[in-house]
Amino acid sequence: MKIASWNVNSLNVRLPHLTRWLQEFAPDVVALQETKLEDARFPDDALAALGYRSVFAGQKTYNGVAILARTPPQDILAAIPGFEDPQKRVLAATLGEPGSPQALRIVNLYVVNGEAVGSDKYAYKLRWLAAVRDWLQEELRAHPRLVVLGDFNIAPDDRDVHDPKRWREKVLCSTPEREALRALLALGLHDSFRLHHQDGGHYSWWDYRLAAFERGWGLRIDLALVSDALRAQCVAAGIDLAPRTWERPSDHTPVWLELAS
DNA sequence: ATGGTTGGAGCCCAA
């Protein structure tokens with residue numbers, strides 16, 4: 001079973017890319033971020049024609065998350081419980097019969113970007129991450145077989161940064177952000193990519209400016225985490241660079257993991 | 001060189 005995450009940066013613009021990628025990569029589950037679509041405009045019919053059920057939580061212009069799956073997502077939650085937030089950044093769903101031993105819980109996160117260290121948006125990012133930590137603790141209690149994936153807007157360590165000196169203590173790489181990510185991992189979650197690859201130089205996002213992709217100036221900020229209970233089942237993980245080479249691409253490319261069935 | 005591109009809205013904001 002292949003489970004993937006992709007920040008599409010406007011599903012309206014990227015539906016042709018998503019369609020092509022679903023056909024070529026054939027994932028079983030996909031978490032999308034930055035759909036930038038109100039729910040009424042979500043292309044669920046087009047995705048159903050490709051064999052995917054969709055659930056989504058969107059808004060106009062900004063943010064927006066969705067989960068696509070070959071089986072119907074259930075027990076959908078589209079907000080962090082107890083955290084007041086108009087921004088549509090989280091979506092959780094259960095695949096398989098809820099409560100059954102093989103049910104899989106998927107949590108899709110579009111983590112706050114944070115703009116710059118010390119800004120109001122950065123403070124919101126850290127508050128948001130603290131609320132997510134408390135929520136995921138509850139999700140793990142209820143659903144031991146948990147996958148948490150999305151655009152984390154945090155490079156876990158310097159192996160995940162093309163030029164660590166240039167990025168030192170900058171937003172996406174600062175120590176408080178990395179500590180907030182470590183607090184999520186400390187709940188009993190594992191970065192699937194690092195279960196299978198130890199070297200640096202693998203990235204999931206490249207700035208549109210300065211031809212960053214062509215120069216290899218990337219960061220690995222899109223992650224797929226698996227819970228303790230799924231760790232042994234996670235047999236592979238990776239980053240699919242192909243969509244970033246297509247014409248008019250998203251600035252992010254899909255990341256994925258594979259669970260043995 | 002502290003550079004500039006993209007998407008969506010609507011005459012700038014967010015990334």
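Numbered from 1 within each chain, the chains take letters A, B, ... in sequence-line order.
Taking atom P on both nucleotides, B/dT2 is separated from B/dC13 by 23 Å, rounded to a whole Å. The same atom, P, is picked in B/dA1 and in B/dG7; the two are 31 Å apart, to the nearest Å. The separation of B/dT6 from B/dG10, taken at their P atoms, amounts to 22 Å, rounded to a whole angstrom.
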Please tabulate, one pair per line, each protein N/O and nucleotide N/O from nucleotides 3-7 of chain B that are separated by under 3.5 Å, including the distance.
residue, atom, partner, partner atom, Å
B/dG7, OP1, A/Arg14, NH1, 3.0
B/dG7, OP1, A/Arg14, NH2, 3.4
B/dG7, OP1, A/Arg248, NE, 3.2
B/dG7, OP2, A/Arg248, NE, 3.1
B/dG7, OP2, A/Arg248, NH2, 3.1
B/dG7, O3', A/Ser10, OG, 3.2

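Legend: residues meeting ring-ring contact (aromatic ring centres under 6.0 Å, His included) with A/His196, ordered by chain and number and at least two apart, are absent. With sequence neighbours left out, A/Tyr62 forms a ring-ring contact (aromatic ring centres under 6.0 Å, His included) with no residue at all.
At a threshold of 4.0 angstrom between heavy atoms, the contacts of A/Asp251 with the nucleic acid are absent.
Remark: P of B/dA14 and NZ of A/Lys88 are 18 Å apart, rounded to the nearest angstrom.
The aromatic rings of A/His197 and A/His202 are tilted relative to each other, their planes meeting at an angle between 30° and 60°. By the 30° and 60° cut-offs, the orientation of the rings of A/His162 relative to A/Tyr203 is perpendicular.
Close to B/dA9, at under 4.0 Å from its OP1 or OP2, lies no side-chain N or O of A/Lys60.
Figure legend: cation-pi geometry between A/Arg166 and A/Trp217, with NZ or CZ positioned under 6.0 Å from the six-membered ring centre and within 45° of its axis.
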